[in-house]
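Side chains are part of it too, since the values below use all heavy atoms of this structure and drop only hydrogens, waters and symmetry mates. Here is the naming used below: chain letters follow the sequence lines, and residue numbers restart at 1 for every chain. Worth saying up front: this structure is predicted, and the values here are computed from it rather than measured.
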Amino acid sequence: MIPTMNRRIDRKFFVGDALDIAPALLGMELVIPKNGLRESFIITETEAYRGEEDLACHARKGRTPRTEMMYQTGGVLYVYLVYGMHWMMNIVTGIQGSPQAVLLRGVNDIEGPGRLTRSLGIDKSYNGEDLDSSHRIWLERTNFNPPYKATPRIGIDYAGPVWKDKPWRFITEGRNLSGNYTTFS
DNA sequence: GTAACGATCCTC
DNA sequence: AGGATCGTTACA
């Protein structure tokens, strides 16, 4: 299966600041072909994790085997397990050596980062997958620019007063996205 | 080797 | 409110 012409998001987009990319992802289409059929989901909730200074970011302790992926050039996936049960799907952003990623927390109509990966079949095998060239997962542009709000990130109270309150979670506003957008196709 | 800790979700 | 469940990390 081939992404529809000119709509696929390429590497350039991902080699930027997680704080810009996280909200820009809202309304974009996540495409995952299944059994030769096109399955796609509109992104509705994201969170930015940016740099070793960000005490909520896994890279706060520097390079480790797990965080190595966050140091790569933007556009690859960073997938890891939390609480022994739930896969978390992140899109790495920034230039090589700058550890950043955007956590995908929700798509239309799946709320929650763990439910999202479970529904879409994302697991460890997607760690390092390249959104710029992969044939099993990629992003496409839409003409949908949903309104959104920014709030503190979820589940990172351990990060301390400065970092836990940064409004780096981005979530679309409005109940039912269905019918509120159209894709170019 | 040992132990503590989660970027969560489900059930009570 | 509490349990599930296990990879990652730090430390002895």
Q: Walk me through it: do A:Y80 and A:N127 pass the test side-chain contact (heavy atoms from CB on, under 4.5 Å)?
A: CA-CA 8 Å; A:Y80 69 92; A:N127 192 40; over 6 Å; no
Q.
At less than 4.0 Å, is any side-chain N or O atom of A:H58 found next to OP1 or OP2 of B:dA7? Yes or no.
A. yes
For [X] and [N], give me the distance from atom [atom1] to atom [atom2], rounded to whole Å.
{"X": "A:L55", "N": "B:dG6", "atom1": "CG", "atom2": "P", "answer": "13 Å"}
{"X": "A:Y80", "N": "B:dT8", "atom1": "OH", "atom2": "P", "answer": "7 Å"}
{"X": "A:M88", "N": "C:dG7", "atom1": "CE", "atom2": "C1'", "answer": "13 Å"}
{"X": "A:D157", "N": "B:dC5", "atom1": "CG", "atom2": "P", "answer": "15 Å"}
{"X": "A:K124", "N": "C:dC6", "atom1": "NZ", "atom2": "C1'", "answer": "12 Å"}
{"X": "A:Y158", "N": "C:dT9", "atom1": "OH", "atom2": "P", "answer": "13 Å"}
{"X": "A:R153", "N": "B:dG6", "atom1": "CZ", "atom2": "P", "answer": "14 Å"}
{"X": "A:H86", "N": "C:dT8", "atom1": "NE2", "atom2": "P", "answer": "16 Å"}

Q | Exceeds 12 heavy-atom contacts within 6.0 angstrom, atom CG of A:N145 | A | no
For [X], which contact category applies under a 4.0 Å heavy-atom criterion: base, sugar-phosphate, or nothing?
{"X": "A:R66", "value": "sugar-phosphate"}
{"X": "A:M85", "value": "base"}
{"X": "A:R169", "value": "nothing"}

Q) Between atom OH of A:Y126 and atom OG1 of A:T117, what is the distance when rounded to the nearest 0.5 Å? A) 11.5 Å
Q: Report the residue (A:Y49 or A:R118) whose heavy-atom-nearest nucleotide on DNA chain B is the more 5′ of the two.
A: A:Y49
Q | Residue closer to the 5' end of DNA chain C, A:G84 versus A:P65 (nearest nucleotide) | A | A:G84
**Q.** Between A:Y71 and A:E52: side-chain donor-acceptor atoms closer than 3.5 Å
**A.** yes
Q. Under a 3.5 Å cut-off for both distances, is C:dA10 Watson-Crick or wobble paired, and to whom?
A. B:dT2
(Q) Centroid distance below 5.5 Å plus an interplanar angle below 30 degrees: do A:Y83 and C:dA4 meet both conditions? (A) no
Q | Result of checking A:R38, A:R8, A:R141 against A:E29 for salt bridge (charged side-chain N to carboxylate O under 4.0 Å, His left out) | A | A:R38
